[in-house]
Amino acid sequence: MLRRRRIAALLFLTPWLIGVTVFFLYPLGMTVYLSFTRYSMLDQPELVGFRNYEYLFTKDPYLLQAIRNTGWFIAIMVPAQVLFALGAAQVLTKLKSGAGFFRTLFYLPSLAPPVAATIAFVFLFNPATGPVNQALGFFGIKGPLWFTDPAWAKPGLVLLALWGSGNLIIILLAALLDVPKELYEAAALDGASGTQSFRHVTLPSISPVLLFAVVTGMIGAIQYFTQAVVAGSVASGSADITPSAQLPGPPEGSTLTLPYWLFVQGFQRYNMGYASALAVVIFVISLAFTVVLLRRKSGFAQVTS
Amino acid sequence: MKSLAAVAAALLVCAGCVPSVGGQEPGDPQVITLWHPLKDPNEVKAVRAALDRFEAAHPGITVKAVPAQDADKVTQAIRGGKPPDAALSFNASSVGAWCATGAFQDLGPWIQRDKVDLQQIPAAVRSYTEFEGKRCVMPLLADTYALYYNKKLLAAAGYSKPPKTISELTAMTKRLTKFSADGTIEVAGFVPYLGTYHSGADLFAAAFGATWLQPDGSANFADDPAFQEMLQWQKSLVDWFGVEKLALFKAGLADEFSSQHAFNTGKIAMMLDGEWRTSFLTNDEAPVDYGTAAVPVADNKPGLYGAGLIGGNIIGVPRGAANPEGGWELVRFLSTDTEALVHFADAMHNVPTTLPALNSPRLDLSREPEFAPFLAAFRHPRSTSQPATSDGGAYLAQFGQFADKWQQGKVPDLAAGLRTLDRQNDDALRLGS
Amino acid sequence: MNAKLHWVATHCVAIAIAAAFIMPLIFIGLTAVMPDEQALTPDLWPKSWEWGNLATVFRTAPLSRWLLNTVIYAVLATIFTLVSAVPTAYALARYKLRGTNIAFLLVVAMMLLPPQVLVVPMYLIWASLGLTGSIWPLVIPLLLGDAFSIFLLRQFLLTIPEDYADAARIDGCGELRVLLRVVLPMMKPALAAVGLFTFFYAWNDYYGPLIYLSEMPDQWTLSIGLASFKSVHSVQWNLTMAATVIVMAPLIILFFFAQKAFIEGVTLTGVKG
């Protein structure tokens, strides 16, 4: 019986084991190998020692900016999105009527595909003609230049992320509704105020879900690519979405993320070797996050065990 | 489990039979695929007409043209192993990358075999289609640039002639520009803000006679004072408008290739643009009475007046083409057949790239007054093209980004900034070689 | 009195958020039916209603081709993911053997790994097989197991009691039959969630098509087509917004038909994940 089950387990796992080998372990090794080569894909890879890494650490004029931008998205966009979604979900729980209707409205924008949503946002936030700055002007506020100003491009992208946070709102709403009513009643009997019961009842109950939201948000932020690329290039008015004749991440590299810099080096300039060195950097960063998150006693390690 | 594996195997086998644009069946030499970056309906039509002429001259062969395929996509297809048989590109600056890496096939043997006379191509054009002695592309029409001006707006401001020098351009810009009550720009005399249509560092640098590279191929930004002169002028005019006002103005402009182009609607009085704009102005039935003149040049280099930047379109046979012979035949025909070139140039409103076509009495363009400055610039001995580098002219993008920072007022020390730029550029060039 | 005030306050906040969520969609819709010369002006209400814009987009761009490609990609991705993730997740959840723990850790690691880390060698693999420029590099990996789906299904399986399966085994069912006949029907909500997620992922995917399909316009999906729309089909913002509306519409329609499954699926990923 046990033997039969063992064979069955192995059979069930076979396709996945092939997948792990071909699409994970092998390419991971290849990435490391290629990071020590010069490779244009037109001739054979040529080993160049640490030259790519030397350029990466001492000469690359854009790497630092890309790391800073990606770090900004992790540090600011993720918390903003989680807090906003938590607030919106909290409002939904308080509604006595029309909760389903509002839930639908909150969720609807998250259905917009990222490319479509980003193009639309750049249009709506057009500083000269868009409705957003017109509305601000109505209140006597002079709107910023948004996606054409390096200081405002990233905040604009955060607003885009908030707009599309419907999934997160639904998840947090479910978590909030799962908190046992008795706990609130007990807290109320003890004379706890609204904020106190939120801190001592709500937060501990939903913390695994909250952590899950932060983790998935961070994974998304490390990979952040589509919205940054589309917003930057549409706003700059360039004809192509990924123009190689222009340096990436307009305005002034403020939307240049690590994955985008890798794309430019690997798939526009065909410095496959250097792109692999950048991949190793991304790998190390994501590995650091993973280790920290998996080692924490609470939350993710708990959820996954 | 077995059935799953079978499905997977079947799919993998089937993957080979997915239809694709680039490749073709080996047993079918009668089809030639051509990729080109053009997308305007009128231009696509012009390409088709040229290909029809080719097909008429080569019975039994058909050419399949795929529009809107820029140089990046061609490069990607070559690496992926499914390139077209012939590819046209706007970027003569890619020649270096394409020839040095072998992405495009060496045309030398074919040229010798078919006894193609290269002397019919003007020397300047010959030089930008070669890289380190190797010819892997042929020129197919060229772009030159001129100043477009709105006659009515100029007359209303009391001008009867377009500017010839940078200081004239500056003075006229200031008089032609109108601000509305809230301070926003209503009409811009000339937009110095980089990235607004063709207001670019490349054209401005040409107007100041700047030399991009040193003889050894390294960047020349710090050593040629023309770059600093150009940037100083550009920034002072930007500051006169106010950089934020220009950014706002630019954000509200319709796309370069739409009929709502700001020159068409009278929001811009003067601009630099390529010769193809004449055709767009006609096709869009733009309600603007315009003239063209040579690009204004730096006051200390009057000899440059009439000359300018020549940007070439190039056509070649990618490595790995399924039908390279067919590809070459198409390249040869389009780039050297006088009749074909004359018709194509007329239809595209581009400058033809062989002497017989340029001097042909049948070239309608030579009779259009608006087109004269473009043909003159093409013939001018001091006109230049952007030199090719093995990284595909990355120095242009580097400089463009730097100039953008500069116009935002974020480069405190111009000379030091340019020196850093030189070094960064040379470092990046070495990374890929 | 206090309760009434509270009611008004929360509803006001809800309406404000809802307005912020919905206004962009409304402006996109309005711009989509504006005449050409109005699209980039501060005038937001259409001077004339150009419903023809929605049809014009289909004429000026191969939207129907992109739509078809996107549907093919999304459907294949969904089927492949489900077919491969179910047995893997089942094995990881149900068979406590040496190695399954390590395997599960691998799943988590793969789930957290940004795809960009592997994109260069993956591209080289597909190029050497001559498959770049086709949809296969995007879907074949899913046939061999998608980490996130495996993870989600395994978590769900852990909440299903083993008793039924054991009963079936005593009745003489083989392992495959146990999975197909007993376990699979109980996994329906999780399968729906994974299916929806994969479908959405593929429908929205931009990075994959950009890497593998960008030089083959015949193979473009809606995402990459829309991203290139402005450059390829120069230019009018009203038409760009019309295309945007058309790209969004199928998902919104799908949502209204399957709202319950959507909400349940999304909830499931949060709670079980």
Side-chain angles (χ1 to χ4, degrees), chain A residues 5-6 8-9 12-13 15-16 18-20 23-24 27-28 30-31 34 88 91 94-96 102 105-106 109 111-116 119-120 123-124 129 131 134 163 167 170-171 174-175 209 212 219 222-223 225-226 230 239-241 259 262 266-267 272 275-276 279 282-283 286 290 304, chain C residues 7 10-11 13-14 17-18 21-22 24-25 27-28 40-42 44 84 87-88 90-91 95 97 103 106 108-110 112-118 120-122 141 144-145 175 203-204 206-207 211 223 226-228 230-231 237 240-241 244 247-248 251-252 255 263 266-267 269-271 273:
Chain A
R5 295 196 59 182
R6 212 169 256 172
F12 282 147
L13 285 175
W16 178 76
I18 297 172
V20 169
F23 297 129
F24 182 65
L28 199 58
M30 272 299 273
T31 299
L34 285 172
V91 168
K94 293 278 187 296
L95 289 180
K96 299 284 187 305
F102 279 109
L105 288 188
F106 287 12
L111 291 167
V115 172
I119 292 176
F123 179 70
L124 299 172
T129 59
Q134 281 190 58
W163 189 58
N167 275 323
I170 301 290
I171 289 171
V209 179
F212 174 78
I219 299 169
I222 295 174
Q223 306 171 9
F225 178 84
T226 304
V230 175
D240 291 304
I241 284 293
L262 186 153
F267 294 89
M272 288 295 199
S276 299
I282 297 181
F283 178 62
S286 65
T290 310
T304 54
Chain C
W7 189 95
T10 46
H11 277 77
V13 174
I17 300 176
F21 271 111
I22 290 307
L25 292 177
F27 283 122
I28 293 165
L40 202 63
T41 64
L44 301 174
S84 68
T88 311
Y90 182 67
Y95 300 104
L97 304 168
L106 259 179
V108 174
M110 285 167 77
L112 299 177
L113 186 80
Q116 285 92 359
V117 170
L118 303 180
V120 169
M122 291 302 292
L144 299 173
E175 291 299 313
W203 189 279
N204 292 340
Y206 173 65
Y207 192 69
I211 298 280
S223 278
L226 190 61
S228 314
K230 217 176 146 275
S231 63
W237 274 104
T240 306
M241 289 300 123
T244 306
V247 172
M248 286 186 194
L251 297 178
I252 292 184
F255 172 73
I263 303 284
V266 173
T267 311
T269 57
V271 176

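Keep in mind it's a predicted model, so treat the numbers as computed, not measured. Numbered from 1 within each chain, the chains take letters A, B, ... in sequence-line order.
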- Item | Where A:Ile119 and C:Leu226 come nearest, the two heavy atoms and their spacing | CD1-O, 3.6 Å

- Message: Please find the pair of heavy atoms, one from A:Phe23 and one from C:Pro141, that lie closest to each other, and give the distance.
- Response: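 In this case the closest contact between A:Phe23 and C:Pro141 is CE1-CA, 3.6 Å.
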
Leading residue by heavy atom contact count with chain A [cutoff under 4.5 Å; candidates [options]]:
options	result
C:Thr10, C:Leu118, C:Thr244	C:Leu118
C:Ile252, C:Ile17, C:Val247	C:Ile17
C:Ser223, C:Gly145, C:Pro114	C:Pro114

Is [X] in contact with chain C via its backbone, its side chain, both, or neither, using a 4.5 Å heavy-atom distance?
X	result
A:Leu28	both
A:Phe102	side chain
A:Leu111	both
A:Gln134	side chain
A:Phe267	side chain

Given the options [options], which has more heavy-atom pairs under 4.5 Å with chain C than any of the others?
options	result
A:Ser276, A:Pro259, A:Ala8, A:Gly266	A:Pro259
A:Pro109, A:Ala275, A:Pro131, A:Ala279	A:Pro131
A:Met30, A:Lys94, A:Gln223	A:Gln223
A:Val20, A:Leu124, A:Leu34, A:Ile18	A:Leu124
A:Ala120, A:Pro114, A:Gly19, A:Pro27	A:Pro27
A:Leu105, A:Leu262, A:Ile282	A:Leu105

- Message: The criterion is ring-ring contact (aromatic ring centres under 6.0 Å, His included); which residues satisfy it with C:Phe255, sequence neighbours excluded?
- Response: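 A:Tyr107, C:Phe262.
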
- Message: Going by ring-ring contact (aromatic ring centres under 6.0 Å, His included), name the residues that satisfy it together with C:Tyr207, two or more places apart in sequence or in a different chain.
- Response: A:Phe225

- Task: Go through the atoms of C:Leu44 and report whether side chain, backbone, both or neither lie under 4.5 Å from a heavy atom of chain A.
- Result: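 It is the side chain, since no backbone atom gets that close.
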
- Query: Relative to chain A, which segment of C:Met110 carries a heavy atom at a distance below 4.5 Å: side chain, backbone, both, or neither?
  - Reply: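 Both parts, heavy atoms under 4.5 Å.
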
- Query: Roughly how far, to the nearest 0.5 Å, is CD1 of C:Ile22 from CZ of A:Phe106?
  - Reply: 9.5 Å

- Query: Do C:Leu106 and A:Phe24 touch side chain to side chain, with heavy atoms closer than 4.5 Å?
  - Reply: yes

